[in-house]
Amino acid sequence: MTDSGFRLKGSVVTTILLEIQTFSLDNIIFHLKKKIDQVPHFFNQAPIIIDISKMKRGITIDEFEALIQAVGSLGLGVIGWRCDPENLPVWKASVTIPLLPASKARAIQMAPETKEDISPDVVVKTVVEERLVPQATKVITKPIRSGQQVYAEGDLIILAQVSAGAEVLADGNIHVYGTLRGRALAGVKGDVEARIFCKSMEAELVSIAGNFMLSDALQDIVWKDSAQVLLVDDSLEIVPL
Amino acid sequence: MSLSEDITLAKIIVVTSGKGGVGKTTSSAAIGTGIALKGHKTVIIDFDVGLRNLDLIMGCERRVVYDFVNVINKEATLSQALIKDKRTKNLFILPASQTRDKDALTTEGVQEVLEELAKEFDYIICDSPAGIEKGAQMALYFADAAIVVTNPEVSSVRDSDRILGILQSKSKRAEDGKEPIEEYLLLTRYHPERVALGEMLSVSDVEDILAIPLIGVIPESEAVLKASNQGAPVILDTESEAGLAYTDAVNRLLGEECPLRFLEVRKKSFMKRLLGG
């Protein structure tokens, strides 16, 4: 591959399309120059395609070559031309620039306004920026009783106990500054970084991002003591604090 | 917090538990009587519509003509339905209906009755039925304070915890966003010997799980059954430990401080209990 000293690759380039509706060289050049003078920087050396597919009346090879010449002298680089494939002129082979395939229907639909379109008077830029919106932390000061359920979209902080038969859930972390006797489920929307902290571990169940452990297993690790629960490689770890 | 501070408005106290058979009606009768003995005008309402028991414990079953549901349905006036206690001054009973069910209790009806009672009484004791359904919710809905009656065993403690959650979420005070219902723990049927043997939860175990202030520990006592059968609240039996423990509980409820007693295993306690002491 490197022996040849080059590589052939495909590329898509946005170009300007000059669509001729009625041929009048002076008129076209006059208005085109006016457009270019408004934003000369934009048009300088810009690639342009001349499209004659929308012309009602035919055009001669001499008229067409003169048009190519005139457009080129305005500082634009004519890279090809387009024509209705059903209605190709007899002189098509004599043109000095390449004949490009007709564009897709969508582009043709928009074509009548091309002259206006090429004027970038107003540049609208839509910037989509992704931002992490932190969810508010929910703080609870009263005990969570049996049969009660509390859910927080962010972190959940409980400054009391969580009774057996109660359930606390959070998208984020769960802190229990009391005895955790009920069920605690952190990272319920799949956050594997979520953790559970409690002052006294006596939980019926702890879960992080769907990975859970029941009290039987917890009793063998940390029981009636402060602990944190975290997920390490898809398995729950109960660590004394 | 003392319950006696509020003298202009009646204090509504619900006696509840979730679980049945733990001593709600016995405690309602004893505490209601105890408060009345202290000179406060008190009414005890039986919310256990369909399973009317309070009148039996209070020994006034033969004097029931109209009941709570009759008053709600405007079939009788409050003064017709209220039964004045024969033993204790300042004490009245509003009995439940035995022939109806809990659906007879409507929020508006209960509220009307309570508002009318509040004009006349200092304390309104609501004896809640067991469970967490309509009857129990009606009994606690308008409460200012709750006495949660609990036995020292796990299922009773769990049910008490559940009812505490309901007090916090389904009471009028909770719905109105007012100061929450004051919660007090009353531990009944306490058996120091069995606690010592590890067969029963200790006071501190229950306090630890429920995390609400304790207002009394009532020891298991033959006197309770005897009192129920005689139709006299056990608090009137000043010879019994249970009666004295209820008196202590009433004192604490009214803001007095007194040390807990009858928590230790005592020698000859078996003989004492046998003799009803």
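Because only heavy atoms are used, hydrogens play no part in the values below, and waters and symmetry mates are left out as well, while side chains stay in.
- No more than 12 heavy atoms of other residues, nucleotides or ligands sit less than 6.0 Å from atom CD of A/Glu193.
- Heavy-atom pairs under 4.5 Å with chain A peak, among B/Ile132, B/Ile212, B/Asp208, at B/Asp208.
- Under a cut-off of 6.0 angstrom, the local environment of CZ in A/Arg181 is crowded, with over 12 non-hydrogen atoms contributed by other residues, nucleotides or ligands.
- Between the CG atom of B/Leu210 and the CD atom of A/Gln161 there is a distance of 7.5 Å, given to the nearest 0.5 Å.
- At distances below 3.5 Å, not a single donor-acceptor pair connects side-chain atoms of A/Arg145 with backbone N or O atoms of B/Gln168.
- Inspection of non-hydrogen atoms places B/Arg158, B/Asp161, B/Arg162, B/Leu164, B/Gly165 of residues 153-165 of chain B under 4.5 Å from chain A.
- Other residues, nucleotides and ligands contribute only 12 or fewer heavy atoms inside 6.0 Å of the CZ atom of A/Arg183.
- Contact tally against chain B (heavy-atom pairs below 4.5 Å) for A/Gly165, A/Ala164, A/Pro143: the top residue is A/Ala164.
- Annotation for B/Glu256: atom CD counts as buried by contact number, over 12 foreign heavy atoms lying within 6.0 Å.
- The distance from atom CD1 of B/Ile209 to atom OG1 of A/Thr179, rounded to the nearest 0.5 Å, is 9.5 Å.
- Heavy-atom contacts from other residues, nucleotides or ligands closer than 6.0 Å to CZ of B/Phe262 number more than 12.
- A 6.0 Å sphere centred on NZ of A/Lys199 holds no more than 12 heavy atoms belonging to other residues, nucleotides or ligands.
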